[in-house]
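Below: the structure, in structure tokens.
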Amino acid sequence: MLGMKNKEISIFMDRMGDLLEFKGENVFRVNAYRKASRILDQLTEDIEKMEAEGRLRQIQGIGEGIAKDIRDYLATGTIERYITEKKDIPDSALEMMSIPGVGPKSASLVYKELGLKNIDELEKAIQEGKLRELSGFGPKKEENILRGIQLYREGSSRMLLGPAFLLVDEILEYMKPVKAIQRIEPAGSFRRRKESVGDIDILVTAKDPRAVIQHFVKYPGIIDVLGAGDTKSSIRIKGNLQVDLRVVEEDSYGAALQYFTGSKEHNVKLREIARQKGLKVGVYEGDKKIAGKEESDVYESLGMNWIPPELREDIGEIKLAQEGRIPPLLEFKDLKGDLHCHSTWSDGKHPIEELAEYTQKMGYEYLAITDHSGSLKVASGLSSGDLHEQIKEIKSLNRKYQGFTLLTGNEVDILSDGSMDYPDEILKELDFVIASLHIASKKDEKGNTERILAAIHNPYVTTIGHLTGRMIGERDPYPMDIEAIFKAAAETGTALEINSSYQRMDLKDVHARKAYEMGVILSMGTDTHSIDTFRDVRLGISIARRAGIPPEKILNTWPLEKIHQFKLNKMKKLIR
DNA sequence: GCCGTTTTCGGCCCGACTGTTTTCAGTCG
């Protein structure tokens, strides 16, 4: 499965970074491992395959040393150098560095001087007043660490992008009455639309910064005010999420927005480029500071095009911007319809007519009705007879609409033997067929892959729904040979879905990018069961943008005729 | 540990904030 080893080694490299940092190694050596971890996490190729083809050293940031570590891991399942470096330092000692306010210096100091081996012992030592005996430690620091421990135990809470959108909407709405605010915009990983965010950053320009802060710290649902200065405030809200708000001068708004949007790696690379040009990027004072009212000023003064936030992960976007080759990215206005939703015919909450009415108001030209097929009893799947009745209803409704069309369709279950839950004669009649795995094996990679491949080779299947089956934080992706699947999808002219429901987000960004690179067309579906989730299309758009997929590779940007043609083309190709 | 049309050695992003200090170290983003 693509990414299996990538992920494992990425985690290993990150731990290696922690370990070296704890031991007080050269920070650049530490960073080299951190960087390697990130590279492996975002790599769209299978590391095992690259190693087999002798291409490890072609990856920027992987040198001879780390290449050896990777080969080591692939051969033995562990990394020799890691074991040597680690010796008898327990993992629980390294874990102390995860506490906010405790870094490598403090963690290794208390380990060496006081023999503290884990967080519990650290807590006890503070309570017994032992920590303040160490130089550099005082009562404030003790208090800070105790609070950090408490926070860490409550669970490092990352919020999924879906709920984050709702929260940001709510905060912006709450801040609206403050007259002093001129501009207000979320920055950080939310603005980059990462699938989960660790905190929310909000950037403001205002005539009266104090009025803004004073209002902000009274936000309902607040648990704690972590800090409230003249221009910056941090609060903690329910769910243990931190929200930072900063007020900056209008003249440096663009530079600040750039800085606080990140990613860190993207900014590091920009500063390197700035340094070469004798410039400085940043929001703070400096001789040759690039100030900028607009964010595009920053990028332009560095000799490149403005880069959409979703691409700012230092995975090649800077080079593209320098060459003026940033691709146009998907926007809501490009979308002509939604291609996955459920009605009262199966487990949806609303009758077809209401779904149609709602999506017309969103400005869509079409909507595919894709209820479940018969085998999926838990979701009240439709029998063949039901489906025929539903097709009749859709055709009758379509006669009422102008400039809007309902597509007949279904989310057909892929059965355990890889066959489809309806016979071909029925699938043939439908405008849009999604084939989905709803029950799959957690172990049988080969079996899962074969079922998907069988569906892809069915001439009437338009797209594969929520391919990997993951439910973020609840269920891991089912193991499957992603590359073989992408290849088959590209060859047969089968689309793959970007499922936008907030817990699925499946395909995820890295996979969507890989699929696009391999020539696959993507379809977007909200998998709506209740009309308030049609708005989750913005999650799908986020994935497509982070994947760098141009709009014309997304089925939903096409006119209806072309979607029909897509299905016909596949049928022509596969039926002889 | 990685990298190189300034370098195979000597660099590697950088400033704010906090607490403990009295000139600075550690942490964070």
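Numbered from 1 within each chain, the chains take letters A, B, ... in sequence-line order. From a predicted model like this one, the values you see are computed outputs, not experimental measurements.
- Straight-line distance between the C1' atoms of dG11(B) and dT6(B): roughly 12 Å, to the nearest whole Å.
- Put simply, NZ on Lys141(A) is 17 Å from P on dC17(B), counting in whole angstrom units.
- Residue Arg546(A) forms a salt bridge (charged side-chain N to carboxylate O under 4.0 Å, His left out) with just one option from Glu310(A), Glu313(A), Glu317(A), and that option is Glu313(A).
- Computed from coordinates, the Ile59(A) CD1 to dG1(B) P distance equals 18 Å when rounded to whole Å.
- With P as the reference atom, dC28(B) and dT23(B) are 26 Å apart, rounded to whole Å.
- Spacing of C1' atoms, dT27(B) relative to dT20(B), comes out at 14 Å, to the nearest Å.
- Nucleic acid contact class of Lys140(A) (heavy atoms, under 4.0 Å, all strands): sugar-phosphate only.
- Nucleotides dC12(B) and dT18(B) are separated by 28 Å at their P atoms, to the nearest Å.
- In this structure, the CG atom of Asn31(A) is 14 Å from the C1' atom of dC28(B), given to the nearest Å.
- For the pair Tyr111(A) (side chain) and Phe22(A) (backbone), a donor-acceptor distance under 3.5 Å is absent.
- Residue contacts shown for Gly262(A) are absent, as no nucleic acid heavy atom lies under 4.0 Å away.
- Distance CZ (Arg246(A)) to C1' (dC28(B)): 10 Å, rounded to an integer number of Å.
- Closest contact between the side chain of Ala32(A) and the listed nucleotides dC2(B), dC12(B), dC28(B) involves dC2(B).
- Atom pair Leu131(A):CG and dT20(B):P shows a separation of 11 Å (rounding to whole Å applied).
- Looking at heavy-atom distances under 4.0 Å, Ser135(A) makes no contact with the nucleic acid at all.
- Contact check on Arg325(A) versus Glu323(A) returns a salt bridge, with a Lys/Arg side-chain nitrogen under 4.0 Å from an Asp/Glu carboxylate oxygen.
- If you check every strand for non-hydrogen atoms under 4.0 Å, Ile62(A) touches sugar and phosphate atoms only.
- Across all strands shown, dT8(B) has no partner, as no Watson-Crick or G-U wobble contact with both distances under 3.5 Å is found.
- The distance from atom CG of Asp14(A) to atom P of dG1(B) is 17 Å, rounded to the nearest whole Å.
- With no hydrogens or angles considered, no side-chain donor-acceptor pair links Gln182(A) and Tyr253(A) at under 3.5 Å.
- Where Gly136(A) and Ser106(A) each meet DNA chain B at their nearest nucleotide, the meeting point lying more 5' is that of Gly136(A).
- One finds a salt bridge joining Glu128(A) and Lys124(A) here, because a Lys/Arg side-chain nitrogen approaches an Asp/Glu carboxylate oxygen to under 4.0 Å.
- In this structure, Glu265(A) places its CD atom 18 Å from P of dC12(B), rounding to the nearest Å.
- Separation of the P atoms belonging to dT21(B) and dG26(B) is 13 Å when rounded to the nearest angstrom.
- Interatomic distance, Leu245(A) CG to Ile235(A) CD1, rounded to the nearest 0.5 Å: 8.5 Å.
- Per the geometry, NZ belonging to Lys264(A) stands 11 Å off P belonging to dC28(B), to the nearest Å.
- Of the two residues near DNA chain B, Val102(A) and Asn26(A), the one whose nearest nucleotide lies more 5' is Asn26(A).
- Here dT27(B) is the nucleotide among dT20(B), dT27(B), dC2(B) with the atom lying nearest to any side-chain atom of Pro104(A).
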